[in-house]
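Protein chains get the first letters and strands the later ones, always in sequence-line order, with residue 1 at the start of each. These numbers come from a predicted model, not from an experiment.
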Amino acid sequence: MSFSQRTIFCGELRADHVGQTVTINGWAHKVRDLGGLLFVDVRDRTGLAQVIFPENTKAEIRSETVLSVTGTVRMRDEKNRNASQPTGDVEIAVSSFEILNQSATLPFPVSDEKQMEKVNEELRVKHRYLDLRRPVMQKKLKLRAASVKKIRNYLDDQGFTEVETPIITKSTPEGARDYLVPYRLEPGEFYALPQSPQQYKQLLMVGGVERYYQIAKCFRDESQRADRQPEFTQLDLEMSFVRQEDILGLIEGMTKSVVNELISEFDLGFEPIGDFPYLTHAESMRLYGNDKPDLRFGLEIFDAGSVVAESEFGVFASTVAGGGFVRGIRYPGGAELSRKQITELEDLVKQNGAKGLANFALVDPAMDAEGTRLLESGKRIKGGISKFLNASEVDALIELSGAEVGDLLLFVADSWSVSCEALSRLRLRIGTETGLRDPKKLAFGFVVDFPLVEWNEDEQRWDPSHHPFTSPKAEDIGHMSTDPGRVRADCYDIVCNGYEWGSGSIRIHSPELQAQIFDLIGVSKEAQQDRFGHILEAFQLGAPPHGGIATGIDRLVMLLLGEENIREVIAFPKMGNGYDPLMDAPSAVDEAQWTEMGLMLKPKK
RNA sequence: GGGGGUGUAGCUCAGUGGUUAGAGCGCCGGCCUGUCACGCCGGAGGUCGCGGGUUCAAGUCCCGUCAUCCUCGCCA
């Protein structure tokens, strides 16, 4: 079908073009029919332009009708200019137009941003091709594309080679659940979609590539969350002849360069990011209670155990005596919280395993109100456990927490893991409630020295905390046979604003050490050969020392846009159960396909 | 698999167990020559997610189920 092609983009029209005859192609964004006068805002990927039709034109133009419009650019009268639009000083006086495609009634108001913010998400995903017409959505696609392009440019400049690795490959059941692809030629055998290109990139190192990266699709059949999709995209990279600091230095340099350019080019409103702080895993657990701390604010957890070991408050004393921990956190300005608000905080920690939330507030010594206690030190405390504390305990707790008048101190007395879990949640809640989790701040950092393995209580065995190819720290290898939980790994995460953005490690390149690790995590000799024979063999044929990292592209774009849901930064996302409402996938297949694959459905019990 | 929320017109949402289930936007028709959230008048449009149950009477109460969002488990 022939049609008049555009000579200019809608969003480009300015006073400079007055007098020119132009053609635009696009969608009818808003139609304003005054009877004798017909105005249409035409939208293309660059913006909006108002066109005005000849008097008494009758035209079947509705929202999202696709148009080609030809006319003369003219200045609007002073009083008719629209300062809120870049093209608002001019308009196109239509001389001819074509309707290229009509639009039926829309399932949601594409051109009304205010209403679109509340539209049911499944409906938006089902009609994603409409949703994507919105400028806000196009901006997301563009930011994502620019992020990837800048990453590629940076790594290409650093001597990396981008290599594609297979999408149908071998199942590695010790990780997440695999997506499986039946193999037609040998019924009962399956490919799996990769959870990551982990083994391929290590084999590329053995292959002498030395510096590899890939913008890689990864697939994990696990239950979904706001920041997870069944298929997602990682920047995957691997380097040979490097130590941990080389990899972290490179990724920090890349991230600073890419993110700072994006912040300025896309006007994202963040301060430029600076050097990344380093935390050990142990420090992170001690100060923040988890391994992906939100470093936009302080409010570190403090250990009150030694202060309250002899406390009159029995829970504290007995917890310490029983080998447990009493740890606390400061809530700035929290002395003003109502009983109800404190109860809500207590509910939060209880949901995370804590038995309770002890607390007291530091208040103005001059405030001689009921429920407060003036201590001989001159400090006045209020509420909670204040009647059980003595002046020296309070002084020590103030010292530990940095509390000021008006602050509330909150305590969890429990096991190490429960106190971590509860206090890390509490810390984020406090950060949110006090506004310290600044949405216009990006706080990147490294968490290093993760433990090599973690005890799996259900299976009664050691599981790798990263993956089985992670190298133990040389100085800790001696503990491997005696106390595996003490062994630290050359393993690291890159975190940002409380998200794990990426993780990686120095890999094992010795077949003996690799076999030793498999033994430790309970992979039998037979299974080692069956599942990992190829990589063990490769390690006997000249494997260089190597290591790498993988970071989440989707999560980076989320962080840059301040989005809390990963679906918002994916062109065609799946819903929470992995369902794609646009394509209606997954879906049943023909009987013939079952047969061809040698498959049969097991009847439901 | 567990917990919590939501499901009523095309969209966003109201809706004390009791008349014919409403509003705004959108849609359709009419009027309208400077609109840009155009305006005015009129109209159409409903499997109250689905299936049972209680009741004289159910959008409303009960049971089940489905979808969806958040979350715990899970995510080497």
Side-chain angles (χ1 to χ4, degrees), chain A residues 29-41 48-57 60 62-64 74 76-85 87-88 91 93 103-127 130 172-178 194-196 198-199 218-230 232 347-348 351-353 421 425 450 452-454 456 458-459 462-470 489 491 500 503 505 517-518 521-523 531-532 550 552 564-565 567 574-577 579 581:
Chain A
H29 184 73
K30 286 271 168 66
V31 179
R32 291 179 295 280
D33 186 352
L34 275 62
L37 280 183
L38 176 60
F39 295 96
V40 177
D41 289 335
L48 293 178
Q50 174 169 286
V51 304
I52 178 167
F53 285 76
E55 291 181 16
N56 300 309
T57 302
E60 287 287 308
R62 299 195 283 265
S63 285
E64 301 304 314
R74 72 184 188 202
R76 297 192 204 179
D77 288 347
E78 193 103 34
K79 64 178 171 24
N80 293 329
R81 291 181 193 159
N82 186 340
S84 66
Q85 287 177 4
T87 61
E91 64 194 359
S103 178
T105 301
L106 300 165
F108 48 74
V110 176
S111 64
D112 188 334
E113 264 318 301
K114 198 170 172 188
Q115 291 191 57
M116 281 308 298
E117 285 169 15
K118 298 172 75 178
V119 170
N120 177 281
E121 201 191 345
E122 189 183 5
L123 201 66
R124 286 176 51 213
V125 173
K126 185 181 168 92
H127 301 277
L130 286 178
T172 53
E174 40 284 310
R177 198 175 295 114
D178 283 321
Q195 296 174 26
S196 82
Q198 181 61 36
Q199 293 188 50
C218 305
F219 307 84
R220 293 179 194 173
D221 184 6
E222 293 296 345
S223 83
Q224 302 307 303
R225 290 288 185 278
D227 61 350
R228 288 194 227 152
Q229 278 274 293
F232 59 99
D347 289 342
L348 177 74
Q351 282 162 26
N352 288 283
E421 183 70 18
R425 298 278 177 168
F450 277 72
L452 181 72
V453 290
E454 286 162 356
N456 182 331
D458 297 337
E459 308 282 338
W462 293 101
D463 279 346
S465 62
H466 183 48
H467 59 55
F469 312 110
T470 302
C491 181
E500 179 196 317
S503 68
S505 60
I517 298 286
F518 280 137
I521 62 178
V523 179
R531 291 183 204 156
F532 302 107
E564 289 180 1
N565 196 297
R567 289 183 295 269
K574 293 179 175 53
M575 306 310 292
N577 52 4
Y579 178 64

Problem - Stacked pair A:Phe39-B:U35, distance under 5.5 Å, angle under 30° - result: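 Yes; centroid distance and tilt both under limits.
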Handout entry: Residue met sooner reading RNA chain B from 5', once A:Pro109 and A:Arg425 are mapped to nucleotides
Key =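 In this pair, the answer is A:Pro109.
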Practice task
Return the 5'-most residue of the pair A:Glu421, A:Glu60 with respect to RNA chain B, ranking by each residue's nearest nucleotide.
Solution key: A:Glu60
What is the separation between atom [atom1] on [X] and atom [atom2] on [N], rounded to the nearest whole Å?
X	N	atom1	atom2	value
A:Leu123	B:U12	CG	P	6 Å
A:Glu91	B:G34	CD	P	13 Å
A:Glu64	B:C11	CD	C1'	14 Å
A:Leu34	B:U35	CG	P	7 Å

Looking at [Y] and [X], is there a salt bridge between them, counting it only when a charged N and a carboxylate O are closer than 4.0 Å?
X	Y	value
A:Glu122	A:Lys126	no
A:Asp41	A:Arg32	yes
A:Glu60	A:Arg62	yes

Between [M] and [N], how far apart are the [atom1] atoms? Round to whole Å, please.
N	M	atom1	result
B:G17	B:U60	P	11 Å
B:G10	B:C48	P	12 Å
B:C38	B:G26	P	7 Å

Practice task
Spell out yes or no: do the side chain of A:Gln351 and the base of B:U71 have one donor N/O and one acceptor N/O closer than 3.5 Å?
Solution key: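 Looking at the base of B:U71, it does not pair with any donor or acceptor on the side chain of A:Gln351 (distance under 3.5 Å).
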Practice task
Classify the side chain of A:Arg228 and the base of B:C75 as holding, or not holding, a donor-acceptor pair under 3.5 Å.
Solution key: yes
Practice task
Assign A:Leu38 to base, sugar-phosphate, or nothing according to its heavy-atom contacts below 4.0 angstrom with the strands shown.
Solution key: nothing
Can you find a side chain N or O atom of [X] that sits less than 4.0 Å from OP1 or OP2 on [N]?
X	N	result
A:Arg567	B:C69	yes
A:Arg62	B:G10	no
A:Arg32	B:C38	yes
A:Asn352	B:U71	no

Completion exercise
Testing B:C36, B:C74, B:C69 for proximity to the side chain of A:Glu222, the answer is B:C74
Practice task
Please state whether the rings of A:Phe518 and A:Phe469 are parallel, tilted or perpendicular, taking 30° and 60° as the class boundaries.
Solution key: perpendicular
